Amino acid sequence: LSLPAARIGGLVRLDGQDVALEDLVVETAQGRVSLGGRIREVFSEKPRPELRADMKLELPAFESSGLSFTGLPPGLSLPASHLEGGVSLSATDARFHALRLKTVGTDLEVEGEVRGFGSKPTAGLMLMCRSFILEELARISALTRDLDLAGKGFFALGVSGTLEKPLLAGKLQFQGLGAVVGGLTLSQFSGLAKFDERRIDVPNVKGLLAGAELSMDLTVKDYAQAADVDLRAELSRFDLGAFMAAKAAMMKGKKEVPGAQGASSEGAAKRPPLRAKGRLAVAKLLHPNAAAQDAKLSWELEGITPDLKSLDGWAKLSVGAGSFNDLG
């Protein structure tokens with residue numbers, strides 16, 4: 001770890017068991033950070049900071065390769081950025097004062113607070129992203145690079161309540177959204193998502209799924225508690241064989257990540273049962289051993305859990321003319 005040359009000025013005052021910082025300023029070629037406040041009972045096992053840092057920095061690109069810090073994801077890569085704003089910290093809370101991060105394609109500002117570290121943290125945050133470019137964000141880690149993310153957009157999002165089940169309010173506009181998931185290509189998705197404390201609406205989304213045209217309306221009600229999902233979609237062509245291969249690739253990837261499958265299963269077991277209804281119309285349905293026209297699936301289900309023990313409701317599938325082949 002190398003530290004840049006710096007100029008440090010200010011006052012550090014020892015007051016019994018407390019340390020007070022008065023206008024402590026650190027200046028480097030990358031910018032300036034000013035620090036003030038107090039660390040109470042600094043020599044105890046649990047010192048209590050009450051600090052505020054204000055900064056204006058030009059941060060160089062960062063690569064985690066070659067660093068042995070614990071907690072850093074492998075292959076972490078951050079672009080050069082401009083960071084400006086303030087952060088207040090205590091032993092239990094953090095507050096962001098117009099903290100703004102800008103890169104070539106991303107402009108994100110955070111205002112608000114997170115309270116209750118160590119128990120059930122709650123948030124009261126406003127995130128304003130004036131622009132994002134997923135190709136830039138995709139380079140952050142090996143996981144996101146493999147997804148081959150694409151697209152751009154902006155969002156304004158309020159986050160409140162517990163971080164475990166936050167309530168959202170705001171909107172997200174996206175254009176040219178794309179990814180490769182398990183070898184299945186999603187591309188050219190555009191739309192507008194709206195959030196409030198009761199529901200998430202994603203109407204009139206259009207894009208390509210494995211080259212086929214997809215249009216979709218999605219509504220999720222009561223998402224922070226027992227989610228109720230309503231999906232209406234039309235697809236010009238669906239390759240069931242490619243979908244099954246993509247699913248198998250995703251499951252294999254989860255097994256290869258240590259602890260990922262256990263953590264996801266444990267989290268799923270704690271979630272309340274879902275409700276779901278919807279309709280999916282596929283003009284042409286393909287499989288290595290079959291082909292069919294005008295497949296329509298509709299459903300209205302409740303009690304959806306990973307083990308399906310309390311599943312109730314109905315589902316209907318109708319298929320038009322088609323053919324089977326290579327049945328042996």
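Model, not experiment: these values are computed from the prediction.
Between the side chains of Q17 and S44, no donor-acceptor pair is found at a separation under 3.5 Å.
Centroid-to-centroid, the aromatic rings of F189 and F174 stay 6.0 Å apart or farther.
Classification of E27 and R32 as a salt-bridged pair holds, one side-chain N sitting under 4.0 Å from a carboxylate O. We find that D107 and R130 are joined by a salt bridge, their nearest charged nitrogen and carboxylate oxygen being less than 4.0 Å apart. Salt-bridge formation is not detected for the pair E41/K46: no Lys NZ or Arg NE/NH1/NH2 atom is positioned less than 4.0 Å from an Asp or Glu carboxylate oxygen. Salt-bridge formation is detected for the pair R232/D230: a Lys NZ or Arg NE/NH1/NH2 atom is positioned less than 4.0 Å from an Asp or Glu carboxylate oxygen. A salt bridge links R95 and E113; the closest N-O separation between the charged side-chain nitrogens and carboxylate oxygens is under 4.0 Å. One finds a salt bridge joining D201 and R199 here, because a Lys/Arg side-chain nitrogen approaches an Asp/Glu carboxylate oxygen to under 4.0 Å. Under 4.0 Å is where a charged nitrogen must lie from a carboxylate oxygen, and between D54 and R52 at least one such pair does.
More than 12 heavy atoms of other residues, nucleotides or ligands shown are found within 6.0 angstrom of CD on E302. The environment of CG in D15 is crowded: more than 12 heavy-atom neighbours from other residues, nucleotides or ligands sit within 6.0 Å.
With rounding to the nearest 0.5 Å, the separation of CZ in F155 from SG in C129 is 4.0 Å. The line from CG of L184 to CZ of F243 is 8.0 Å long, rounded to the nearest 0.5 Å.
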